[in-house]
Number of protein chains: 2
Amino acid sequence: MRRIKMEDVARKVGVSAMTVSRALKHDGVVSAATRRRILQVVEELGYVPDQIAGSLSSQRSGFVAVLAPSLNNPPLAESVHALAESLEEVGLQILIGYTNYETKREERLLTELLQRRPEAIVVVSDGHSPRSRRLMREAGIPVVQIWDRPARPIDNVVGFSNEDVGSNIVRFLAERGYRRLAYLGETNDEGTRGARRRLGFVREVERLNLGPVRVHDQAPPPITMLQARAALPRMLQRWPDIDAIVCVSDPCAFGVLSEAQAMGVGVPSQLAIVGFGDFEISRCCSPPLTTVAIDSGRIGHETGQLLKDMLGRSPVAMSKRVSRRVAIDAILTPRGTTRS
Amino acid sequence: MRRIKMEDVARKVGVSAMTVSRALKHDGVVSAATRRRILQVVEELGYVPDQIAGSLSSQRSGFVAVLAPSLNNPPLAESVHALAESLEEVGLQILIGYTNYETKREERLLTELLQRRPEAIVVVSDGHSPRSRRLMREAGIPVVQIWDRPARPIDNVVGFSNEDVGSNIVRFLAERGYRRLAYLGETNDEGTRGARRRLGFVREVERLNLGPVRVHDQAPPPITMLQARAALPRMLQRWPDIDAIVCVSDPCAFGVLSEAQAMGVGVPSQLAIVGFGDFEISRCCSPPLTTVAIDSGRIGHETGQLLKDMLGRSPVAMSKRVSRRVAIDAILTPRGTTRS
DNA sequence: TTGTAAGCGTTATCAT
DNA sequence: ATGATAACGCTTACAA
């Protein structure tokens with residue numbers, strides 16, 4: 001029982017394969033009558049077009065490669081989901097590679113994904129090896145870095161400055177009278193967005209002369225709630241007088257909050273806590289977490305829009321191929337874990 | 001500047017394209033010397049094999065299609081991640097389709113993904129339309145339903161009975177003296193795993209004669225923490241005497257817990273709460289949530305293993321193509337939101 | 001161990 | 001509006 005092909009449909013209808021191809025692609029040039037008969041036979045025979053053959057012939061894979069550390073992070077998962085939905089409208093599919101925050105893995109994945117001839121590359125901006133950068137640049141297709149605004153972008157960017165986020169949090173706390181700040185972050189996080197926020201934190205603490213820089217790195221990314229809990233006593237032992245902890249993420253911040261409550265440390269009276277990401281938990285816990293809200297869905301949609309334009313699949317006039325930067329807001333959202 | 005192809009590499013090395021192909025596929029038949037020169041030229045020229053052409057020729061796409069409601073659910077995301085890593089070992093890649101719990105969408109996605117000629121289909125078992133079932137069955141490739149054990153599986157299964165989970169929770173609570181149980185679930189959830197857990201709940205409540213069946217459906221899947229918070233007062237108003245709430249998921253349970261604490265309802269003294277999924281939050285909150293733990297990563301690995309066997313990519317002797325059921329444990333994990 | 005020839009199932013292109 | 005033909009870039013199958 002051979003698989004049905006276009007030729008089979010064509011023969012049964014009494015036209016050429018080309019006409020079937022056109023009918024299925026809404027070329028609009030096929031006569032309504034012929035088209036109707038073709039669709040009917042397609043249905044009868046259960047014909048499923050072979051996109052691999054189509055792609056080879058048309059030289060368009062219909063793929064967009066996406067590199068992310070993992071989708072175990074709801075905001076990231078949401079961005080990718082939104083991107084997929086946006087691209088779906090024009091028949092583009094997503095091919096995901098999980099880097100696990102490992103540069104070597106990223107290189108290997110890139111090499112593999114490139115063999116699928118993606119029409120574009122979307123990469124969560126977490127620091128890339130020179131080889132990865134070269135692979136992306138030389139691929140000859142649009143590249144979009146998301147979730148950060150690197151100093152020297154490869155091509156397009158849809159994101160915000162994580163470094164500024166780190167700095168802004170420090171200023172925010174300083175304005176509210178906090179003076180002895182600490183940062184709780186991740187180990188082995190070179191190049192990651194969390195590391196960039198920590199950098200912003202450190203720079204701003206120095207700029208504002210807020211005393212010694214206090215940074216505690218607890219576990220490799222992504223740090224878990226429980227690891228964050230374990231960090232709090234150590235931090236308090238090391239720096240008994242801190243009055244605020246800036247956390248690399250909301251799960252991290254929630255861990256700290258839980259441990260503080262267990263230890264009887266008042267939040268925000270004795271200790272302020274700031275998270276990042278506006279995870280669901282940050283709105284629901286008590287007190288709700290002060291955090292930085294990112295419109296994850298918008299990152300996906302904007303990226304999709306940008307790509308549709310670049311790939312000429314947008315109804316809008318195709319823009320010249322110039323790299324673009326789309327700024328996404330990072331909104332510091334005061335809630336219950338900082339005093340006003 | 002044309003794209004380099006195999007032919008170009010072959011010419012430069014002074015061999016035929018076929019030899020290059022073999023060298024790259026580790027066929028082992030190419031002489032070491034030739035192979036070395038080929039790899040060197042590949043590097044020099046920056047040749048990237050075109051897998052689309054390769055797939056068309058070999059009639060193997062190297063894809064596995066995955067249908068999931070969304071990856072915004074960490075345990076699901078973890079299963080898919082683990083599956084991807086398992087399949088990566090044999091060069092298989094994953095093609096994800098997000099169904100958003102919409103049956104119509106699932107059909108459309110299936111139709112689109114099938115055009116990519118996947119070698120297998122993995123689907124999160126959330127109830128499928130007859131058309132979807134037909135599409136899967138007639139695709140002529142292995143199908144794996146994960147995260148549930150349907151009564152009439154399409155083909156292979158890697159999961160556990162969600163209905164049993166619902167029943168087991170009821171028995172667990174009854175044994176601990178709880179008598180007036182309620183279920184907090186989702187609306188428009190026909191066929192979903194949550195609906196199956198609710199069914200198990202209802203059946204067991206009836207079997208044990210625990211009085212009237214109390215089911216409250218608050219919002220479409222996936223229910224959020226905040227929606228769950230909003231549900232608690234309504235449920236207490238409707239059934240002031242309930243002593244336990246079984247929740248469709250951990251985020252849902254956490255929402256209920258938060259609201260109970262805000263309302264001054266003692267947990268577990270006045271109200272027991274049970275979640276599902278063993279999300280990170282369930283271990284970290286206070287009191288920690290009694291929940292049902294699923295080894296999400298194992299679901300992914302087992303599915304990967306099963307597929308590698310079925311597709312004959314496993315080093316192990318290829319098993320005959322018979323549908324298999326892999327049972328995954330669903331472990332009821334008593335923690336702080338139920339009394340012992 | 002290496003090469004030759006013939007596809008794989010579409011679509012681009014040029015005719016009609 | 002439809003058709004014929006030649007790619008698309010690789011791998012299978014067989015030959016040498």
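Every heavy atom of this structure was used, including side-chain atoms; hydrogens, water molecules and symmetry mates were not. Just so it is clear: chains get the letters A, B, ... in the order the sequence lines come, proteins before strands, and each one is counted from 1. These numbers come from a predicted model, not from an experiment.
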inquiry  = If you compare every side-chain N and O of B:Tyr47 against the phosphate oxygens of D:dC10 (OP1, OP2), does one of them come in below 4.0 Å?
reply    = yes
query = Is the base of D:dG9 touched by the side chain of A:Arg117 through a donor-acceptor pair closer than 3.5 angstrom?
reply = no
query = Is any side-chain nitrogen or oxygen of A:Ser21 closer than 4.0 Å to OP1 or OP2 of C:dT10?
reply = no
key: For atom CD1 of B:Ile38 and atom P of D:dC10, their distance in whole Å   = 13 Å
query = Does B:Arg35 or A:Ile4 map to a spot on DNA chain C nearer the 5' end, using the closest nucleotide for each?
reply = B:Arg35
message = Using whole Å, what does the distance between atom P of nucleotide D:dT11 and atom CG of B:Asp50 come to?
response = 9 Å
message = Distance check, rounded to the nearest 0.5 Å: A:Leu56 atom CG versus A:Arg117 atom CZ?
response = 10.5 Å
task = Return the value, rounded to whole Å, for the distance between atom NE2 of A:His26 and atom C1' of C:dT11.
result = 16 Å
task = Flag the pair B:Ile121 / B:Val64 as yes when at least one side-chain heavy-atom distance between them is below 4.5 Å, and no otherwise.
result = no
note = Between NZ of B:Lys5 and P of D:dG9 the distance, given in whole Å, is 4 Å
Which nucleotide in C:dT13, D:dG9, D:dA1 has an atom nearest any side-chain atom of A:Val29 = D:dA1
ask   = Rounded to whole angstrom units, what separation is found between the CZ atom of B:Arg22 and the C1' atom of D:dC10?
value = 13 Å
task = Output the single nucleotide from D:dT2, C:dG9, D:dG9 whose closest atom is nearest the side chain of B:Ser57.
result = D:dG9
Length of the CG-P vector between A:Leu24 and C:dA12, whole Å = 13 Å
inquiry  = Just to be sure I understand the rule, does B:Val30 reach a base, reach only the sugar-phosphate, or reach nothing, if contact means heavy atoms closer than 4.0 Å?
reply    = sugar-phosphate
Separation of D:dA7 C1' from B:Glu7 CD (nearest whole Å) = 14 Å
inquiry  = Quick check for you: among C:dT2, D:dA1, C:dG3, whose closest atom lies nearest to any side-chain atom of B:Ser16?
reply    = C:dG3
request  = State whether B:Ser31 places a side-chain N or O below 4.0 Å from either non-bridging phosphate oxygen (OP1 or OP2) of C:dT2.
outcome  = yes
task = Would you tell me if any nitrogen or oxygen in the side chain of B:Thr34 comes within less than 4.0 Å of OP1 or OP2 on C:dT2?
result = yes
query = Does A:Arg3 make a cation-pi contact with A:Tyr47 (under 6.0 Å, within 45 degrees of the axis)?
reply = no
inquiry  = Could you check whether any side-chain heavy atom of B:Ser323 comes within less than 4.5 Å of a side-chain heavy atom of B:Asn156, counting everything from C-beta outward?
reply    = yes
query = For A:Gln59 and C:dG9, what is the distance between atoms CD and C1' respectively, to the nearest whole Å?
reply = 14 Å
task = Kindly say if A:Ser58 contacts the phosphate of D:dC8, meaning a side-chain N or O under 4.0 Å from OP1 or OP2.
result = no
ask   = Taking atom CZ of B:Arg133 and atom CD1 of B:Ile154, what is their separation to the nearest 0.5 Å?
value = 4.5 Å
key: Phosphate contact (D:dG3 OP1 or OP2) by A:Thr19 side-chain N/O below 4.0 Å   = yes
